[in-house]
Trainee: 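Before anything else, here's the structure in question.
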Amino acid sequence: MHDLDHLFKSNKRWAGELTRTDSAFFERTAQAQHPSYLWIGCSDSRVPADDIVGAQPGELFVHRNIANIVVHTDLSCLSVLQYAVDVLKVPHIIICGHYRCGGITAAMSAQPHGLIDNWLLEIKDLYRDHRDELDAIEDQAARIDRMCELNVVRQVENVAHTVIAQDAWRRGQALAVHGWIYNLQDGLLRDLELTITGSDAIDAVYRMHAGRGA
Ligand code: CO
């Protein structure tokens, strides 16, 4: 595995640098984590959550998957969400999409990609819901980029619709769900200003009231 040696070297350098600037860093952060943010982003290697916002270990609780999708039957994503909200009590959830997303691009094409096509059906559903707006955009890259934004909107709603978020709001816990988008071409983030901070902002059909039963 000599070809991976550089990763261990780089890791040593990184740990050394952190320890040099703060000798107790690892000792302290190993005790417990108290992140204030849950980051739900794309698996794309060019969108490294911590680096983009200059976060240190301990600051971001992270879930990443292809095209930053929150699926209500995805046990992995829901477990991350539930732990972040109920146990870590993060006050902020950030759904961070990115322009030129390969997952979105794949979902908008008719070409088969294997197993992942099942995952990307979520995006195809979204495309169908916004077909008129999207088909009116002639430039293909611009159409995909708009779809990347619409996907963030949908995922912010998906988080807000969960029992996890609604229970947190019902018990008075501060929880804001934000929608951001990252531009691969300049490294900058943009807030899409869709922040949801309570059940009153979600569509009535998704709203769950206390005592309604399981
Ligand atoms: Co992506």
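Everything numeric here is computed off the predicted structure, so don't read it as measured data. Both ligands and their constituent atoms are indexed starting at 1 by order of listing. We're numbering straight along the sequence, starting at 1.
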Trainee: Considering only residues two or more places apart or on different chains, which pairs with a residue in residues 45-54 satisfy side chain to side chain donor-acceptor pair (under 3.5 Å)?
Mentor: Asp44-Arg46
Trainee: Applying side chain to side chain donor-acceptor pair (under 3.5 Å) as the test, list every pair that has at least one member in residues 174-183; sequence neighbours left out.
Mentor: His92-His178, His178-Thr195
Trainee: Which protein atoms of type N, O or S are found under 2.8 Å from the Co ion (ligand 1)?
Mentor: Cys42 SG, His98 NE2, Cys101 SG
Trainee: Spell out, as yes or no, whether a donor-acceptor pair under 3.5 Å connects the side chain of Asn65 to the backbone of Cys42.
Mentor: no
Trainee: Inspect the surroundings of CG in Leu75 and state if more than 12 heavy atoms from other residues, nucleotides or ligands are less than 6.0 Å away.
Mentor: no
Trainee: Ignoring hydrogens and angles, write down the donor-acceptor pairs under 3.5 Å from the side chains of residues 155-163, residues two or more places apart or on other chains.
Mentor:
from	atom 1	to	atom 2	distance (Å)
Gln155	OE1	Val70	N	2.8
Gln155	OE1	Asn158	ND2	3.1
Gln155	NE2	Asn151	OD1	2.8
Asn158	ND2	Val70	O	3.0
His161	ND1	Glu157	O	3.4
Thr162	OG1	Val159	O	2.7
Thr162	OG1	Ala165	N	3.1

Trainee: Spell out, yes or no, whether Val62 and Val80 are grouped together once hydrophobic residues are joined by side-chain heavy atoms under 4.5 Å, including indirect joins.
Mentor: no
